[in-house]
Structure formats: structure tokens, C-alpha cells
Amino acid sequence: WCVPLKKSVSVTFPGDVLKNMTDTELAESYLKKFGYMNVQHRSGFQSMVSTSKALMTMQRQMGLEETGTLDKSTVAAMKAPRCGVPDVRS
Amino acid sequence: YQTFEGDLKWDHHDITYRILNYSPDMVASLIDDAFARAFKVWSDVTPLTFTRLFDGTADIMVSFGKADHGDGYPFDGKDGLLAHAFPPGEGIQGDAHFDDDENWTLGKGPAVKTSFGNAEGALCQFPFLFEGKQYSTCTTEGRSDNLPWCATTADYGRDKKFGFCPSELLYTFDGNSDGKACVFPFVFLGETYEGCTTEGRSDGYRWCSTTDNFDQDKKYGFCPNRDTAVIGGNSEGEPCHFPFIFLGKKYDSCTSEGRGDGRLWCATTSDFDTDTKWGFCQDRGYSLFLVAAHEFGHALGLDHSNIRNALMYPMYSYVEDFSLHQDDIEGIHYLYGSKTGPNPSDEPKPEPDTPTTESTTTTTTHPVDPSQNACQIDKFDTITEIDGDLHFFKDRQYWRLSSKTDGKLEGPFSMSKRWPAVPAVVDTAFEDLVTRKIYFFSGTRFWVYTGQSFLGPRSIEKLGLSSTVEKVEGAMQRGKGKVLLFSGENYWRLDVEGQQIDKGYPRLTDQVFGGVPLDAHDVFQFKGNSYFCRDRFYWRMNSKRQVDRVGYVTYDLLNC
């Protein structure tokens, strides 16, 4: 007795701030924005942290399983609303 | 918990804050209250106090902004970043910014505070029943003036409790029109506008003229968002238009049709297919109280915590009955210690002397009515100690309780003989213990007598009191050159030498003088005790801030 499935049409909405980044792009921007990657130290020393290591640090900060990979729960955490203050301070 | 590098923290405990602007999402009083509760989260567990300033520079400047709002850390539209704050220090340090592309609520959907009507400002109750139909938003149904209203109980037919919803037809906020409603149509840059607009602004805030011609009058205000207002899209703040046409079909409510992310949206005109004007529908929104409590934690020196249930955890999650996590408490105690009793207020350095203006006033002397018996007076205008004697003022006359003749009451005397410039009704008066000058306050003006010469009248705003203070109702000398001035539920500390209110005021009277009436019409200091008077009674508070006596002015003080 379920309602017959409607054929859903996808429409372009003008001005839609669709953050249609890929998960990898999302992760890259998130890890940089919140200080996990490309940390500019006071001494000017630029430490290039690998993405995997940066992910591990972020997963530890967020109390997630530390897999070092871009798993589902990590992507969901990156999309969740949050405070703009970086988690890792340089 | 974490603190910022170097354990950045404030070097004083009486912190000040100022709200620089408002969001259109909630009425100002709800925003004020959310911020005050957020500060209270921290003052409840530390020696810190938070005092709101209404002008000048405060330690924590609180504001709303969108996208690039001027600090080099732009926000990112709806969702994502909600807010940020800077650790303690000068300038932008300590400030807190909130992203106004978010939908700010109390965390459980639109917080719609009503005005006017008969519900005394109660929040709307959604859904509510009206003439057999259920409404989950404000409606103009049943009205011909197009004003949106709501019921404040579940059934309007039964309870008849209602109020008007936020609408630009009722009031505006910020701007320069003291909250006056919009005037439609209005002219702006020669064009005629029938509704609020973002034209002329780069920050996306909707505004309107509060006269019919902005070009001529330059009077404007910002439009409050209606509860049916859309969020984001290309029509932020515009109300949904129901019904609307989408892909040839009619819709009477929000829909997720046409979207892959399942988010509810609506058109803001009758036909999306032709106008493509749209936005997201109201969701639960973000609790301004919870986000502010987190951001103020940063402004006090706390960094992010990795404890998921801690307030200082970076990600937002709505909590119904909020209480601070032990981790947050340990963090803030590490910086400021735990809550102690009320702090002794340390004396700031006296300000350099400020020039005063001479003015003259012609007065006529008024005969005294000798039959007037002070013991028949229920309520004196003010009572104060001058030259060591307690003076009781009432309608141009005063009595003196001489400390020399063991408390014999002398008078009545005519005020106009001794202080001719002072008006008939004095709200409060005090003698400055250092200079022996006598200050008289009446309404928003004050006079200063030195012997027979006087200065005034001057506005109390000259002393730094805000324009909202209608009269000064009490004065209490505090040490050398400091006097506490009381009005309503607040008090200020006046630096007499500098003729300026000290920073960090006003403060709430009942937070320091617990147990006295908050509607005292007079406050004075006498022989080391503070007296708070209401009608015929007084509450006496000793130097340890204990109320040790409540009695009758006439019997106990006048020895009637």
C-alpha cells in the first residue's frame, strides 16, 4: 500500500550555495581551516603534515575511531555545524 | 580542556560586554536574554561578573555578521561555521562573532516572541488551532490589516490568547529610527519600494525606510525576519509565498521536491517556474544560548576540548537541559579559580578633573508651612546626611535631625532659602565627604552646591549615566571620592573627582545588596549603615552587607 514512488526531478536553484565539494576536497579544506594541516608555526617553519596523520589527529580530537582514512563518520563530522575557532593552534 | 598558549586570561574579574547589533532571526529581548544566560553559565562557577555596557568599549564586544565580516576570518553561509571568538586581550581580542546566515533560535525551531495582543509577550504556540484549522506558522488569516499573528496556547478558539508576530509592519531594529515600523511604499535612490530590500547594502541585511522618502529623510531600520521567512537561497528573509507553483504543480507548504539533499524549501513568489525566487524553510535552527556559552568560553581563555559532551567541544549539538561538564568547570577554574563571595571592589585611580559649567537660575523663595508635621509624611522625597545631620526633604521643605541636640527634629525649613536653584522635588542628594559639595538630583538633571554658590542644572548624562536613566533615586558614599548612584534595579559607581561613572557599570543592585527592596525610592548612607527606603519603611544594611533591621522612617528615624 505504499504511495507509488514519485519520479523526483532535480532542479538547479539559483543562488544555491551548494557546497558540492568532493569528500576529499571537503577534507582538505576542513583540515587546513581547523589547523590540522599546513600548520604555519610562529617561527615561520611550515610543517607539512601528511593527510593521513592530520586525519588521525582530527579523529582523536573529535573522539572518533583513529583510522587515518576518510571514513563515513569522519566525513559526517566534517559536515556538522561547529565553532570556527581552529582546533590546533599554531 | 585546553587553554590558549600562555594561558591568556583577563586580568580583572568584573568583565564588561556590549552587544553591537542584532540578528533579524529573533527579537532583541530574546537575544539579550540568550547572551545574559550564556554569561551566567560562567559567572555561576567563577568569581567573574559580567556587566553589559550600552556604549563605549567593553572587554567582550558581541556582534552578528555574514560571510566576510571584517576580521579576516569569513563565515561560510548557512550551516558549517556557526560563530567564532578571540582569546582575552585588547582590541578584537575577547570579541565574539555570530554568523547571521544561520537560523538563530532557542534550538527547537522558530522562537517567535509576540508583541501587543493580550498574551503579554508570550511565545507563539505551534501548532495552534484557529477556526478548525491547524497553523504551524504565524498567519494573517482572520485579519484585514495583513499583520501576522499567532495564538500563544494550542487552541485559540478556547483560550483567545494571541499576540502579533515579528513583522516589519510592526517594528524595525537597529538603524536610526528607534524601532519605528516601515513605511510602504518608500522612495530610495528615486525608486519606489513596496517591501523590505537589501538594495544599497553589501551585507545582505534587509532594511526599509521609516518615512515615505529615504532620500530626503535618511530614516531607516532593519526588518525583523518573519517566522515564515526563508533562510539562504536567493531571497533570505522574504516570507514563503503559499501557494506557489513549482514544475507546474501547486504547493501549500514547504517541500524537498527538486532537491537531492532533502532540505525543505519554498518559493517567495507565487510562481517559482517563472521567478525562481526561493529559500530554505525554517528548521530547528541553532540555539543562540548554547553557541554563545561556547564562544564566551573562548573569550574567557578556554580553547577546544576533546570531551564530546563538554560545552567547549568544537561541534554543535542541541541540549535541552544544559549544564556545564566537569571538564569545562576544571578548565575555567584553572584560569580564574572557583566561585567565592562577592569580590571587594578595588578602587580605580581617580580621573583628571573635568571642567564644569557655571549657570544661573532665578528662583523665588517659598514660605514654609509651619503646621506641616513631619510625622504625618508617609514618604519623603529623599533623606540624606549633610554636615553630620540627617535631612528629610519633601516638597520644597526639609527637616533636620540634629546630631548636636541629641536627635531633636528641627524644621520645617524652606529649601529655596538655602538652595534656591534646586527644584521642589529632589529625587536624591548627597554630600561629597572630600569636598563638602552637596549634589542634588531631580529627574535627569543635577546641581552642585558649594556653600551658597552652585553649578547646574546639568544633565546626568554628563556624568556618564545612559540616556535611559530617568532619575537617580539613591546615593551612597563609598570611601574617598566614590559614590554609588541607584536607579531602578541598577547602580553605578561615580568617581566624584573625575565626575564620571567608573567602567564596568551599571550592576544589578540585588547581586550585591541582597535582601533589600528592588523598588526602593530612596537610598542613603548614615553612620556606616546603608538605608533602602520604600514608602514608610526602610531596610538597614550594615557594613557586612547584612540587612539587620527593617522599620518605620517616622517612628525609628524621626523619633515620632
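Residue numbering restarts at 1 for every chain, and letters A, B, ... go by the order of the sequence lines.
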Selection from Val291(B), Asp303(B), Ile307(B), Asp99(B) maximising heavy-atom pairs under 4.5 Å formed with chain A: Asp303(B)
Contacting moiety of Phe75(B), where chain A heavy atoms sit under 4.5 Å: neither
Side chain, backbone, both or neither of Tyr30(A) within contact of chain B (heavy atoms, under 4.5 Å): neither
Single hit among His294(B), His304(B), His84(B) for side chain to side chain contact (heavy atoms under 4.5 Å, CB included) with Arg82(A): His304(B)
Glu102(B) versus chain A, the contacting section by heavy-atom distance below 4.5 Å: neither
Test item: Met315(B) and Cys83(A) side chains (from C-beta on) under 4.5 Å apart, heavy atoms: no
Any donor-acceptor N/O pair, Arg308(B) side chain to Met62(A) backbone, under 3.5 Å: yes
Chain A contact via Ser305(B) - side chain, backbone, both or neither, heavy atoms under 4.5 Å: backbone
is_close_aromatic(Phe13(A), Phe280(B)), centroid dist under 6.0 Å: no
Atom OH of Tyr318(B) with >12 non-hydrogen neighbours under 6.0 angstrom: yes
Within-4.5 Å side-chain heavy-atom neighbours: Pro14(A) and Trp278(B): yes
Validation row: Val85(A), Tyr73(B) side chains within 4.5 angstrom (heavy atoms): no
Exceeds 12 heavy-atom contacts within 6.0 angstrom, atom CD of Glu330(B): yes
Heavy-atom contacts under 4.5 Å, residues 69-78 of chain A to chain B: Ala77(A)
Lys79(A) side chain reached by Asp79(B) side chain, heavy atoms, under 4.5 Å: no
Short side-chain to backbone donor-acceptor contact, Tyr286(B) and Pro81(A), under 3.5 Å: no
Heavy-atom proximity to chain A below 4.5 Å, by part of Phe86(B): neither
